[in-house]
Amino acid sequence: MMNQEKIIASLLLDIQAVKLKPENPFIWASGWKSPIYCDNRKTLSYPLVRKAIQEDFARLATQIYPDAEVIAGVATGAIAHGLLVAEALNLPFIYVRTATKNHGLGNRVEGAWKKGQKVLVIEDLISTGGSSLSAVEALKSEELDVLGMMAIFTYGFPVAEDNFKNAGVKLTTLSNYNKLIELAYEAEYITKEQISTLQKWRKDPEGWK
């Protein structure tokens, strides 16, 4: 029987939210060449996948963060997923913009909350962790108590692990790069030789050729 990490990885592969192309890499916005591309926004178009992610998030949130009073989604990819979690837990929902709004009220955090409330942050994808932790800082600047963050998927970069550790933010993910590669090999999406390429990239994505 597959564990939950593999189940989510399987769903991501099935709907091609994750694509693996070791011989014909993608180019990320950062300029990095990558043998993998993850687009979790696609999960919203598939009711069964969307529901599975919502239920996993809600289950883990209840187990790990039973004191959460507010759910916060990180724009833009996790706004919908954060709202689904808030709905499942019957909790208020807010979201964090990528940058402070330059018109109107000039908000970066949108919604209604009270200072000191305990917040669980929902993210769709963790790469280096920079933008995710920026959202955490924005919530803290509003005097909210950030309990931790949950995300659908993480590449598991060492730099991300260090960033979350240094920031003192607990991170829980539904699936991860190692489980995805393991499953992809078992399902014959990739060969044994391609696994080596994928593992080398994960260790040094910026310098990978």
Under 3.5 Å, is there a donor-acceptor pair between the side chain of [X] and the main chain of [Y]?
{"X": "Gln194", "Y": "Thr191", "value": "yes"}
{"X": "Lys33", "Y": "Phe26", "value": "no"}
{"X": "Asn40", "Y": "Gly77", "value": "no"}
{"X": "Asp145", "Y": "Gln117", "value": "no"}
{"X": "Glu55", "Y": "Ala52", "value": "no"}
{"X": "Thr62", "Y": "Ala58", "value": "yes"}
{"X": "Ser196", "Y": "Glu193", "value": "no"}

If you count the non-hydrogen atoms of other residues, nucleotides and ligands that lie under 6.0 Å from [atom1] in [X], is the total more than 12?
{"X": "Lys21", "atom1": "NZ", "answer": "yes"}
{"X": "Gln63", "atom1": "CD", "answer": "yes"}
{"X": "Tyr189", "atom1": "OH", "answer": "yes"}
{"X": "Glu161", "atom1": "CD", "answer": "yes"}
{"X": "Ile64", "atom1": "CD1", "answer": "yes"}

Hey, could you give me the [atom1]/[atom2] distance between [X] and [Y], rounded to the nearest 0.5 Å?
{"X": "Ile195", "Y": "Glu182", "atom1": "CD1", "atom2": "CD", "answer": "9.0 Å"}
{"X": "Glu143", "Y": "Lys115", "atom1": "CD", "atom2": "NZ", "answer": "4.0 Å"}
{"X": "Ser34", "Y": "Glu206", "atom1": "OG", "atom2": "CD", "answer": "13.0 Å"}
{"X": "Cys38", "Y": "Leu180", "atom1": "SG", "atom2": "CG", "answer": "8.0 Å"}
{"X": "Leu13", "Y": "Leu11", "atom1": "CG", "atom2": "CG", "answer": "9.0 Å"}
{"X": "Leu12", "Y": "Ile152", "atom1": "CG", "atom2": "CD1", "answer": "7.0 Å"}

Please report the shortest heavy-atom distance between [X] and [Y], naming the atom on each side.
{"X": "Lys42", "Y": "Gln16", "value": "NZ-O, 3.6 Å"}
{"X": "Gly129", "Y": "Ala160", "value": "N-CB, 4.3 Å"}
{"X": "Met150", "Y": "Ala61", "value": "CE-CB, 3.8 Å"}
{"X": "Tyr95", "Y": "Ile79", "value": "CD1-CD1, 3.7 Å"}
{"X": "Gly73", "Y": "Phe93", "value": "N-CE1, 3.5 Å"}
{"X": "Leu120", "Y": "Gly148", "value": "CD1-O, 3.5 Å"}

Min side-chain heavy-atom separation [X]-[Y] under 4.5 Å:
{"X": "Arg97", "Y": "Val109", "result": "no"}
{"X": "Ile94", "Y": "Leu139", "result": "yes"}
{"X": "Met149", "Y": "Lys170", "result": "no"}
{"X": "Leu60", "Y": "Leu174", "result": "yes"}
{"X": "Glu110", "Y": "Val96", "result": "no"}
{"X": "Tyr65", "Y": "Lys118", "result": "no"}
{"X": "Trp208", "Y": "Pro35", "result": "yes"}
{"X": "Arg50", "Y": "Leu84", "result": "yes"}

Applying the 4.5 Å side-chain criterion to the ILVMFWY set and letting contacts propagate, would [X] and [Y] be lumped into a single cluster?
{"X": "Tyr46", "Y": "Leu125", "answer": "yes"}
{"X": "Val70", "Y": "Val146", "answer": "yes"}
{"X": "Leu91", "Y": "Val119", "answer": "no"}
{"X": "Leu44", "Y": "Leu83", "answer": "no"}
{"X": "Val85", "Y": "Leu147", "answer": "yes"}

> Of Leu133, Val159, Asp162, which is the lone residue that meets side chain to side chain contact (heavy atoms under 4.5 Å, CB included) with Thr128?
Replying inline: Val159
> Under the ring-ring contact (aromatic ring centres under 6.0 Å, His included) rule, what pairs show up with a residue in residues 140-161, not counting sequence neighbours?
Replying inline: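 Applying ring-ring contact (aromatic ring centres under 6.0 Å, His included) to every pair that reaches into residues 140-161, excluding sequence neighbours, yields Trp28-Tyr155, Trp32-Phe157, Phe153-Tyr155, Tyr155-Phe157, Tyr155-Trp201, Phe157-Trp201.
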> What do the steps show when you test Arg202 against Asn178 for side chain to side chain contact (heavy atoms under 4.5 Å, CB included), and what is the final call?
Replying inline: CA-CA 10 Å; Arg202 214 280 299 272; Asn178 287 338; 3.5 Å; yes
> side chain to side chain contact (heavy atoms under 4.5 Å, CB included) between Leu171 and Val169: does it pass, once the steps are laid out?
Replying inline: CA-CA 6 Å; Leu171 174 65; Val169 177; 5.8 Å; no
> What do the steps show when you test Glu69 against Lys114 for salt bridge (Lys or Arg N to Asp or Glu O under 4.0 Å), and what is the final call?
Replying inline: CA-CA 10 Å; Glu69 298 173 295; Lys114 296 177 183 177; over 6 Å; no
> Is the shortest distance from a Lys or Arg side-chain nitrogen in Arg108 or Glu142 to a carboxylate oxygen in the other one below 4.0 Å?
Replying inline: no
> Between Asp56 and Arg59, is the closest basic N to carboxylate O distance under 4.0 Å?
Replying inline: yes
> Can Leu198 and Ile190 be said to form a side chain to side chain contact (heavy atoms under 4.5 Å, CB included), step by step?
Replying inline: CA-CA 10 Å; Leu198 289 161; Ile190 55 174; 3.7 Å; yes
>> As a quick check of understanding, evaluate side chain to side chain contact (heavy atoms under 4.5 Å, CB included) for Ile181 and Tyr177, giving each step before the final call.
In response: CA-CA 6 Å; Ile181 300 309; Tyr177 189 77; 3.9 Å; yes
> Side chains of Glu123 and Ser132: is there a donor and an acceptor less than 3.5 Å apart?
Replying inline: yes
